[in-house]
Asks: 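Dropping the structure in here first, questions after.
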Amino acid sequence: MNKILEVFGSKVFNDAVMRERLPKEIYKSLRKTISEGKNLDVTMANVVAHAMKEWALENGATHYTHWFQPMTGITAEKHDSFIISTENGGAATSFTWRQLIKGEPDASSFPSGGLRATFEARGYTAWDPTSYAFIKDDTLCIPTVFCSYGGEVLDKKTPLLRSMEALNKQVLRITKLFGMNEVVRAVPTVGAEQEYFLVDEELYKKRKDLVFTGRTILGASAPKGQEMGDHYFGTIKPRVAAFMRDLDKELWKLGIYAKTEHNEGAPAQHELAPLFEDANTATDHNQLTMEMMKKVAKRHGLACLLHEKPFQGVNGSGKHNNWSISTNTGVNLFDPGEDPYNNLRFLLFFTAVIKGVDEYQDLLRLTTASAGNDCRLGGHEAPPAIISMCLGDDLYAVLEAIERGEKYDPKNNGKMDIGVKVLPDLPRDGTDRNRTSPFAFTGNKFEFRMPGSALSIADPNTALNAIVAEALCQFADRLEKAEDFENEVRALLKETVEKHKRILFNGNNYSEEWVKEAERRGLLNLKSTADAIGYYVAEKNIALFEKHNIFTRSEIFSRCEIEYDNYCKIKHIEALIMVEMAKKEIVPAVSAEITKLAGAAEMIKSVGGNNSVEVECVKQMSAMNVQLYKKIELLEKAMVKCDKISSNSEKAEFYRDSVIPAMDEVRKISDELEKISPDNCWPIPTYAELLFNV
Ligand code: ADP
Ligand code: MG
């Protein structure tokens with residue numbers, strides 16, 4: 001067997017394993033649950049549990065855990081071993097259906113946004129049979145959802161699953177109208193391209209900011225950045241290549257289709273793209289991918305940085321969320337085919353997305369809002385905080401024709417002449433190579449580029465599924481009553497394009513003009529997390545989630561609260577680390593250097609030499625050190641004020657308006673000091689060392 005197939009899925013209780021180990025009837029019934037979303041038959045759980053345990057033990061596992069995704073955005077697990085005692089001090093192993101389908105972790109330290117009363121510390125986890133169990137670190141991990149005693153969701157998976165259900169329901173109404181009666185299930189498909197940085201672990205450990213916040217809170221730019229463009233798709237260095245090979249293998253074992261690995265735009269930045277899967281599995285797999293990246297990096301003496309902006313002035317990292325909808329019959333509903341103008345089904349699904357994105361810009365935006373992503377969005381390498389869509393010229397022209405009620409006339413045959421006779425004509429890719437768009441149609445899928453690298457993709461996909469479900473629902477309501485279906489579809493398309501055209505933009509999203517143009521069009525520009533989160537509880541968003549059974553009103557309020565809280569906590573830690581580093585490392589190091597120089601100046605003077613360089617340096621450095629100290633004090637004052645604010649939303653605004661600007665001031669001086677200080681006196685590894693040392 002070849003190397004890939006030998007390891008792929010070897011640690012996953014996947015379809016092949018189930019088919020081999022489960023009685024036929026049980027296998028079939030479980031299969032139905034997985035592929036058609038049929039309700040789970042509890043009686044079969046015991047058989048599945050036993051088979052799972054036997055398989056896990058044979059594959060070296062000793063423990064099991066319910067693996068879940070609380071609102072912290074990372075995954076959680078609590079390990080139990082399979083051991084039970086028998087008579088006379090003997091031991092055996094056991095794993096029952098109860099242990100498979102339900103767990104009761106003490107949930108008191110997971111964020112609940114007020115949903116779970118503190119006296120009720122229990123939370124429940126429940127088996128999600130649609131995502132395969134797997135073995136990680138000798139532990140059988142069972143993907144589960146996580147909810148409170150009262151049944152309110154406390155995790156990111158449950159709403160995602162609910163949104164997939166909602167989308168499925170509405171898609172089926174539409175496919176039925178198009179006579180696709182063999183379609184019984186539609187799932188959103190997702191491929192998440194993951195960007196990351198690799199730095200030397202020893203250097204990493206010397207920086208408190210990297211260790212505690214994942215980004216450099218201080219640090220001047222390196223003399224060479226990414227301006228040469230020599231890193232993007234460049235040759236991969238041996239140490240990084242070894243990491244990537246190792247990572248691929250680990251991911252394959254877990255059944256993750258790691259596919260493409262390459263260098264990214266910035267020095268030390270890389271990307272991994274997997275093959276797409278259903279949204280639920282893709283989300284689980286992306287969480288695992290991030291975890292594995294960190295683990296495998298360690299083995300290679302590296303640290304993997306998943307923060308959205310680890311280095312100021314250097315490209316940040318995103319996570320491109322590629323999204324489409326696929327039917328159980330294998331049809332990609334966003335495949336435009338040869339003749340999109342006459343492909344009504346495609347156009348209907350396509351415009352549903354346009355409508356959804358325009359009507360729920362705020363929602364899409366806020367699912368990508370985080371303290372980390374605030375540092376990245378609107379920089380010059382990431383889309384601004386304005387949601388717009390790029391469809392590519394051809395499809396844009398199709399929509400314009402529809403809007404004008406004209407026939408679409410493809411101006412050319414869609415072939416690209418590359419001027420070399422021996423090469424075959426390439427079909428021109430009419431869709432986007434415009435990398436600046438936050439939401440681009442790329443051939444047969446949409447690519448949402450706003451999510452940051454550290455984000456769980458559960459939230460953006462929950463929102464995407466929900467907003468498209470709603471648009472399709474409105475379309476279906478109307479079309480189901482239509483007398484002349486085709487005419488009604490055409491009318492609906494025309495109206496939708498007219499109404500939502502403002503969200504379409506094929507130009508350069510990074511330009512200043514676009515910000516103004518977007519404002520003129522009335523598009524939202526929610527610049528920071530503090531600006532965006534509050535939209536969670538906008539009435540129209542609550543209505544959307546309630547209508548499609550994705551969140552209850554109280555669940556939404558709790559999410560909003562948790563997001564504010566997360567944001568404030570992160571900013572708090574960042575500010576503390578900044579004060580600590582500046583006060584305990586930078587200021588003393590600079591003082592020591594000044595003392596040394598002043599001594600040298602004295603000495604030079606005493607022998608009658610020219611000490612003007614030393615004197616000038618002492619003057620400059622000490623003036624700036626004094627300034628730095630003052631700025632630190634101002635930051636500390638702002639933090640004291642901030643601590644007194646009790647409402648999380650007001651606190652978030654205070655961070656935005658007062659603490660962050662105070663931090664910027666500290667950084668400015670500290671970075672200037674770094675530039676004029678001798679290398680050997682600087683107490684922490686510099687950008688040059690971090691970025692060019694792997
Ligand atoms: P790029 O964006 O660099 O051009 P690709 O076109 O190769 O890259 O695809 C990027 C990602 O999109 C991959 O993870 C791929 O699996 C995913 N993708 C491709 N088709 C679909 C689809 N129908 N649904 C969801 N994701 C998809
Ligand atoms: Mg991409």
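We count ligands from 1, going down the list as the structure has it; atoms in each ligand are counted the same way. Computation of the quantities below employed the complete heavy-atom set of this structure, encompassing side-chain atoms and omitting hydrogens, waters and symmetry-equivalent molecules.
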Asks: Using side chain to side chain donor-acceptor pair (under 3.5 Å) as the criterion, point out the one residue from Glu308, Glu195, Gln269 that pairs with Ser317.
Replies: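 Filter result, single survivor: Gln269.
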Asks: Examine the proximity of ligand 1 to Glu447 and report which part, side chain or backbone, both or neither, has a heavy atom under 4.0 Å away.
Replies: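 It is the side chain that gets close, since no backbone atom is under 4.0 Å.
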Asks: Give the contacting part of Thr442 toward ligand 1: side chain, backbone, both or neither, where contact means a heavy-atom distance below 4.0 Å.
Replies: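 Within the 4.0 Å criterion, Thr442 makes no contact with ligand 1.
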Asks: Should Asn444 be counted as touching ligand 1, given the test is an N or O pair under 3.5 Å?
Replies: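 Looking only at distances, the answer is no, because the N/O contact criterion of under 3.5 Å is not met.
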Asks: Side-chain contact test, heavy atoms from C-beta onward, threshold under 4.5 Å: evaluate it for Thr368 versus Phe448 and give yes or no.
Replies: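 They are in contact (side-chain heavy atoms under 4.5 Å apart), so the answer is yes.
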Asks: Which is it for His320 and ligand 1 at heavy atoms under 4.0 Å: side chain, backbone, both or neither?
Replies: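 It is neither; nothing of His320 touches ligand 1.
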Asks: May I ask you to check if ligand 1 and Trp323 share an N or O to N or O distance below 3.5 Å?
Replies: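 Min N/O separation from ligand 1 is not below 3.5 Å for Trp323.
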Asks: Out of all atoms in ligand 1, which are within 4.0 Å of some heavy atom of Gly191? Include the element for each.
Replies: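 This gives 14 (O), 25 (C), 26 (N) as the contact atoms.
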Asks: Between Trp514 and Thr436, is there a side-chain heavy-atom distance shorter than 4.5 Å?
Replies: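 SC-SC contact between Thr436 and Trp514 ruled out.
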Asks: Phe439 and side-chain contact (heavy atoms from CB on, under 4.5 Å): which single residue from Val357, Asn321, Ile503, Ile354 fits?
Replies: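 Only one of Val357, Asn321, Ile503, Ile354 forms a side-chain contact (heavy atoms from CB on, under 4.5 Å) with Phe439, namely Val357.
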Asks: With the threshold set at 4.0 Å, does a side-chain nitrogen-carboxylate oxygen contact exist between Glu563 and Arg559?
Replies: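 No.
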Asks: To the nearest 0.5 Å, what is the distance between CD1 on Ile550 and CG on Leu544?
Replies: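 Rounded to the nearest 0.5 Å, the CD1-CG separation comes out at 6.0 Å.
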Asks: Can you sort out which atoms of ligand 1 are near Leu275, meaning under 4.0 Å from one of its heavy atoms?
Replies: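 The atoms of ligand 1 under 4.0 Å from a heavy atom of Leu275 are 16 (O).
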Asks: Under 3.5 Å, N or O to N or O, is Ala192 touching ligand 1 that way?
Replies: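 No, no N or O pair falls under 3.5 Å.
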Asks: Under a 4.0 angstrom heavy-atom cut-off, which atoms of ligand 1 come close to Glu193?
Replies: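 The list of qualifying atoms is 2 (O), 3 (O), 10 (C), 11 (C).
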Asks: Is Asn373 reaching over with its side chain to a backbone N or O of Met450, donor-acceptor style, under 3.5 angstrom?
Replies: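 Yes, Asn373 side chain to Met450 backbone: donor-acceptor pair under 3.5 Å.
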Asks: Ignoring hydrogens, just give me the one of Pro188, Pro274, Ala282, Ala273 whose non-hydrogen atom is nearest atom 15 (C) of ligand 1.
Replies: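 Selected option, by shortest heavy-atom distance: Pro274.
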Asks: Which option, Glu277, Lys259, Gln194, Lys445, owns the non-hydrogen atom nearest atom 18 (N) of ligand 1?
Replies: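 Looking at heavy atoms only, the winner is Lys445.
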Asks: Looking at Glu359 and Gly356, would you say the former's side chain and the latter's main chain have a donor-acceptor pair under 3.5 Å?
Replies: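 Side chain of Glu359 to backbone of Gly356, a donor-acceptor pair under 3.5 Å: no, none is there.
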Asks: Under 4.0 Å from a heavy atom of Asn332: give me the atoms of ligand 1 that qualify, with their elements.
Replies: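 Within the 4.0 Å cut-off of Asn332, ligand 1 contributes 23 (N).
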